[in-house]
Number of protein chains: 2
Amino acid sequence: MSKNLPLLTAAPAVRADAARNREALLRAAAELIERCGVDDLTTDAVAARAGVGKGTVFRRFGSREGLMASLLNHREEEWQASVISGPAPLGPGAPPMERLLAFGASRLRHHREQATLIEAAGSTWGENYAVLGFVSLHVRMLLAQLGVQGDLAYLATALVAPLGVPVLRQQIDHGGMSEEQVLAGWADLVRRVV
Amino acid sequence: MSKNLPLLTAAPAVRADAARNREALLRAAAELIERCGVDDLTTDAVAARAGVGKGTVFRRFGSREGLMASLLNHREEEWQASVISGPAPLGPGAPPMERLLAFGASRLRHHREQATLIEAAGSTWGENYAVLGFVSLHVRMLLAQLGVQGDLAYLATALVAPLGVPVLRQQIDHGGMSEEQVLAGWADLVRRVV
DNA sequence: AGGCGAAACGGACTGTGGTCCGCTTTCATT
DNA sequence: AATGAAAGCGGACCACAGTCCGTTTCGCCT
């Protein structure tokens, strides 16, 4: 006669102190980054500020990069929400082509804003299958709505690739392009593909 | 009355011992990687095997990643040579479209072969402007020969982006695509753009 | 309430990337 | 060949990511 049937609750019984520490660590990390920048963030400092031991950082996030990725995940979820249920043309309601172009613009801006954090998250972020999967699935859906023929799974990832942080770094910070130029180029690319 | 006018010799007077140590370190690194893999390579071990102090590693290469990048550079130069003066269709002599498709296939294979080293080189590699510049310039030239209109500088980088190591990792190692499938998808992408 | 097993905690410890500075080597000049 | 100064060298040293294990906390069950 258990009060809560474990299988009915989605959460897999996370202990209360674990959840509390997790939040404390994320908050501490965000505050320290705001103050000192991403590069000077040490795991010792995060643990101290959160009032927990260093081991807890690694128990919860696996690595320094994992901590960065978790911070990113929060902002990424907000972004995904604006794609799923936000206002058109990024959200639903606009014609597919408009949505696709709005997607590119928004993704580019998002990546530029989070660039340093994404780079600090390193491969941990690249392996975040949930994020990559959502993005390419969304593009794939729009391509299908546009009636594009061919290997849509490939085309979706190929269209998303030029919006990645390293490419943008090269084009904008190294190659002297402006964000507008990059966006115009991407829009042109999309129109050729469709 | 100097024997050698410094301005006439291209080399900026690299001291003999410096050059010798540089080669010794590169050889030691390559041997240790072959034996133990990239991940288990420590700078201490490289220095010891090369018979030099650890400081020398960092004087010559700046960082562990810089050492990896230098190893890559060697193989990259060989690859570039095969593009500039190797046999067609990768090298000159074939029609532009054939060359472009051969470029994609060769670049994909090259990236797959060097993937672990490229990942170990991290941002140092991504900032290697010479490599990025050569690749996108080559594609840009082929696009021009094909009579493509538009922002060729952008299109070149956008076509190269889906051949990057992280994208290939996602598609092939995570997403279940085969190399053939990726290559076919890329060729399709190119044909749509042209 | 109280007891029990599992999960989480914390902080000392380790391994490695990267720095620093006094000493050595090179080489152009005489 | 001698010389002097600049370039290079080496290895002790430091900071920080990540591990390990004895101790503490949680929450379920009687």
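Within every chain, numbering begins at 1; the chains are lettered A, B, ... in the order of the sequence lines, protein sequences first and strands thereafter.
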Sugar-phosphate, base or nothing in reach of [X], heavy atoms under 4.0 Å:
X: B/Val57; result: nothing
X: A/Arg60; result: sugar-phosphate
X: B/Arg20; result: sugar-phosphate

Considering heavy-atom distances to DNA chain C, does B/Asp17 or B/Arg59 have its closest nucleotide positioned more toward the 5' end?
-> B/Arg59
Report the residue (B/Ala16 or B/Phe58) whose heavy-atom-nearest nucleotide on DNA chain C is the more 5′ of the two.
-> B/Phe58
Side chain to side chain donor-acceptor pair (under 3.5 Å) contacts touching residues 92-110 of chain A (sequence neighbours left out) = A/Glu76-A/Arg107, A/Glu76-A/His110, A/Trp79-A/Ser106, A/Arg107-A/His111
Decide, yes or no, whether a salt bridge links B/Arg169 with B/Glu119 under the criterion of side-chain N to carboxylate O below 4.0 Å.
-> yes
Between A/Arg112 and A/Asp173, is there a salt bridge with N-O shorter than 4.0 Å?
-> yes
Look at the side chain of A/Arg15 against the base of C/dA7 and say whether a donor-acceptor pair falls under 3.5 Å; ignore hydrogens and angles.
-> yes
Do any of residues 25-46 of chain B sit with a heavy atom less than 4.0 Å from DNA chain C, and if so which?
-> B/Leu41, B/Thr42, B/Thr43
Any A/Asn21 side-chain N or O less than 4.0 Å from OP1/OP2 of C/dC9 | yes
Atom-pair distance ([atom1] on [X]; [atom2] on [N]), nearest Å:
X: B/Arg64; N: D/dC16; atom1: CZ; atom2: C1'; value: 16 Å
X: A/Lys54; N: D/dA15; atom1: NZ; atom2: P; value: 13 Å
X: A/Met68; N: D/dC16; atom1: CE; atom2: C1'; value: 13 Å

Residues two or more places apart in sequence or in another chain: which of them pass side-chain contact (heavy atoms from CB on, under 4.5 Å) with A/Ala144?
-> A/Leu152
Main-chain N/O of B/Tyr154 paired with A/Trp186 side-chain donor or acceptor, under 3.5 Å | no
Establish whether A/Ile84 and A/Leu100 are linked, either directly or via other cluster members, by ILVMFWY side-chain heavy-atom contacts under 4.5 Å.
-> yes
